[in-house]
Amino acid sequence: MPGTPQPRTWWAPLPPADGAAVMATGVVSVGLHLTGHEVLSRIALVTAGVAWLALAADFALRLLRERERWAAEAGTPAALTAVAATAVLGTRVSALGWQGLAEALLALAAALWPGLLFLVVRRWERHMPGVVLLACVATQGLAMLGATLEADLGVAWLAHTALVFFWLGLVLYTVALWRFDLRQVAEGAGDHWIAGGALALSALAGAQLVAARRSGGPYLWNDDDNGVLRTVTATLLVLALGWYCVLWAAELRWPRPAYDVRRWATVFPMAMTAVAVLSVAIVLGVPWLWGPGQVLLWIAVAVWPAVCVAAVVDIRSRAPR
């Protein structure tokens with residue numbers, strides 16, 4: 001009937017960048033778990049899980065019914081949020097002891113990673129927004145989940161594979177940073193925060209590898225691997241904290257209050273920096289970092305509902321009348 005809205009009219013405009021909402025919520029859940037706020041952590045986990053299922057269904061529906069749109073979006077950097085969100089969700093469910101589900105999520109993320117990364121990297125240009133750094137985030141997400149599962153399952157090849165992804169992620173960060181438009185720090189709509197979040201995730205992945213090695217796991221490349229990893233992990237955390245300060249200063253200098261879906265890519269790095277600080281405090285034995293880590297976590301927890309409310313208002317404004 002003419003004028004009758006189609007059932008998916010409100011859903012269709014959702015971009016791949018919405019996967020950052022799952023990433024942000026999942027990392028908040030991890031942080032709350034680390035600090036002992038289990039009820040809040042599980043609420044965040046359920047929220048992230050429901051959002052992941054909805055986006056996965058939308059992804060599959062587009063693949064079946066809207067091939068041209070699916071192909072166009074698969075080549076955008078934001079498509080890599082599918083890999084990163086799946087890895088983050090797998091890391092949190094692993095902490096619940098659901099290793100079978102975590103393994104399945106790792107397998108899914110690993111299956112998505114090469115094809116999406118190839119499609120994205122081939123379209124890289126100069127002066128790109130912060131989403132260009134999702135190549136590092138997706139890769140380090142696999143390293144993080146692989147190292148987490150190795151620590152629980154004691155499967156040596158997972159640690160070695162995670163280490164390969166860890167170093168590859170750092171290479172991708174270096175290349176992507178060269179293509180990142182630094183003017184985005186002042187002008188970006190939210191995804192410019194990934195410049196720091198990618199380093200924080202790298203530090204977390206390094207900490208997970210150190211934890212796997214320290215718990216009696218396999219050596220990773222030589223007898224000095226643990227010392228090298230500790231040094232690299234600490235360096236990455238310092239760099240991530242440096243970015244965190246710069247990005248907050250930029251937000252205060254150039255306020256951007258309007259909602260944009262890329263604001264979820266602001267919450268994610270905030271929460272990831274907190275989780276990285278907390279994890280390094282535990283794994284590298286730096287107890288004085290625990291307090292600052294909790295402060296950073298509650299900043300992210302406070303920002304999360306503000307972005308969520310803005311997102312709901314935005315969705316309602318796009319809903320058919």
Side-chain angles (χ1 to χ4, degrees), residues 20 23-38 40-41 44-45 48 84 87-89 91-92 94-95 130 133 136-137 140-141 143-145 147-148 151 162 166 169-170 173 192-215 226-252 264-304 307:
M23 295 161 56
T25 309
V27 176
V28 166
S29 177
V30 172
L32 290 169
H33 169 71
L34 287 175
T35 53
H37 300 89
E38 195 61 27
L40 290 176
S41 175
L45 174 60
V88 168
L89 198 61
T91 300
R92 179 61 185 96
S94 176
L133 293 154
C136 170
V137 171
Q140 293 291 16
M144 172 186 64
L145 180 51
T148 299
F166 174 73
L170 296 183
Y173 182 87
H192 55 290
W193 275 79
I194 303 175
L199 286 177
L201 177 53
S202 298
L204 177 58
Q208 295 295 82
L209 284 165
V210 171
R213 180 70 176 88
R214 191 180 64 180
S215 63
N226 196 47
V228 172
L229 274 174
R230 290 173 66 92
T231 300
V232 172
T233 297
T235 302
L236 289 170
L237 183 63
V238 170
L239 293 173
L241 289 170
W243 263 115
Y244 187 93
C245 295
V246 168
L247 292 166
W248 258 119
E251 292 287 345
L252 296 174
W264 285 113
T266 297
V267 183
F268 165 71
M270 286 183 179
M272 182 55 73
T273 302
V275 171
V277 171
L278 293 169
S279 297
V280 168
I282 297 170
V283 176
L284 269 60
V286 191
W288 63 267
L289 282 175
W290 188 256
Q294 291 190 78
V295 172
L296 294 178
L297 175 62
W298 287 110
I299 291 173
V301 170
V303 172
W304 185 92
V307 176

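- Formation of a donor-acceptor pair under 3.5 Å by the Tyr173 side chain with backbone atoms of Ala195 is found in this model.
- Annotation: the span from Leu289 atom CG to Leu284 atom CG amounts to 9.0 Å, rounded to 0.5 Å.
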- Kindly indicate, with the supporting measurements, whether the criterion side-chain contact (heavy atoms from CB on, under 4.5 Å) is fulfilled by Trp304 and Phe268. CA-CA 9 Å; Trp304 185 92; Phe268 165 71; over 6 Å; no

- Message: Would Trp298 and Val301 count as a side-chain contact (heavy atoms from CB on, under 4.5 Å) here? Give the steps.
- Response: CA-CA 5 Å; Trp298 287 110; Val301 170; 3.8 Å; yes

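- Between atom CE of residue Met272 and atom CD1 of residue Ile194 there is a gap of 11.5 Å, rounded to the nearest 0.5 Å.
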- Step by step, work out the side-chain contact (heavy atoms from CB on, under 4.5 Å) result for Leu45 and Leu89. CA-CA 8 Å; Leu45 174 60; Leu89 198 61; 3.8 Å; yes

- Query: So Trp248 and Trp193, ring-ring contact (aromatic ring centres under 6.0 Å, His included) or not? Walk me through it.
  - Reply: CA-CA 9 Å; Trp248 258 119; Trp193 275 79; 5.8 Å; yes

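- With values rounded to the nearest 0.5 angstrom, Leu241 atom CG is found 11.0 Å from Leu236 atom CG.
- For Thr91, there are no side-chain hydrogen bond (donor to acceptor under 3.5 Å, both in side chains) partners, not counting sequence neighbours.
- The NE2 atom of His37 sits 8.0 Å away from the CG atom of Leu297 when rounded to the nearest 0.5 Å.
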- Message: side-chain contact (heavy atoms from CB on, under 4.5 Å), that's the test. Do Ile282 and Trp290 meet it? Break it down for me.
- Response: CA-CA 8 Å; Ile282 297 170; Trp290 188 256; 3.6 Å; yes

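- A distance of 8.0 Å separates CG of Leu170 from CG of Leu199, quoted to the nearest 0.5 Å.
- Note that the CG atom of Leu247 and the CE atom of Met270 stand 8.5 Å from one another [nearest 0.5 Å].
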